[in-house]
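Down below is the structure, laid out as structure tokens.
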Amino acid sequence: MAFVTNALFREDAYLKLGEGQVAAVNERGGIILDRTIFYATSGGQPGDTGFLIRSDGSRIAVAATISGETKDEIIHVPAPEQPMPEPGETLSLAIDWERRLRLMRMHTACHLLTVVCPYPITGASVAEDDSRIDFDIPDSSYAKEDVTERLMELVAANHPVFTRWITDDELAANPGLVKSKNVRPPSGTGRIRLVCIGDDAVVDSQPCGGTHVAATGEVGAIHIGKIEKKGRENRRFRIRFGPLPGN
Ligand SMILES: [Zn+2]
């Protein structure tokens, strides 16, 4: 039976430290807690790394965080040769915050790119230094300078970023919320998490389980590194931190 972990990062993406009780250690050494601040790999965003700290101060390095049988079962994958905790043990939790904040800034930047390029998404990946989104895009005239400029307008406006839950029925009534061409948000659980940008979500809202910064200004300077042609109507946009080189 799958465990249900209370995913604290879903309500507060800024939790750097926390506490959790060991619910189980699975047959592959994965550690499952009753609650966690560690994001599990999903929706193109990599899971967190960090440490679980035992009461004697010894540390268990977490090399990856993934989901198990269901999205609600979150598994902390220890690095090799780590001490193993006992079920019932309470652990202090510390994520690699510097890395996570970069992933949050990048994930929000990816959502901003879907505002600037409102086309069906065929793939996406959030990473610390270089994220990418693939679009089915009939218009080949997009230039990285223009896209960068429009992205930075949205960053400079410092729009609020917040989450809101809707029902399956509300999503069904608003199919335009879903931007990915092939991936449907999980339905059947009764509720869908939307990530919204702008007052009253005027800039954007889309189903997403990821972690985001609280305002677009926190994304900071970003630019489009490259627009690659992946097919007749498919373009890969790469987002990088920092201003557009040469500008
Ligand atoms: Zn997202």
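For ligands, and for the atoms within them, numbers begin at 1 and follow the listed sequence. Because the structure is predicted, anything quoted here is derived from the model rather than measured.
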Give the ring-plane orientation class for F237 versus Y142, where under 30° counts as parallel, over 60° as perpendicular and anything between as tilted. perpendicular

T216 and H159: side-chain donor and acceptor closer than 3.5 Å? no

Minimum side-chain heavy-atom gap F51-S92 below 4.5 Å: no

Under a 3.5 Å threshold, yes or no: a donor from one side chain and an acceptor from the other, between E19 and T90? no

Please step through salt bridge (Lys or Arg N to Asp or Glu O under 4.0 Å) for the pair D130 and K226, ending with a clear verdict. CA-CA 10 Å; D130 184 332; K226 218 190 246 179; over 6 Å; no

Donor-acceptor pair between D56 and S58 side chains, under 3.5 angstrom: yes

Return the set of protein N, O or S atoms whose distance to the Zn ion (ligand 1) is under 2.8 Å, each given as residue and atom. H107 NE2, H111 NE2, C208 SG

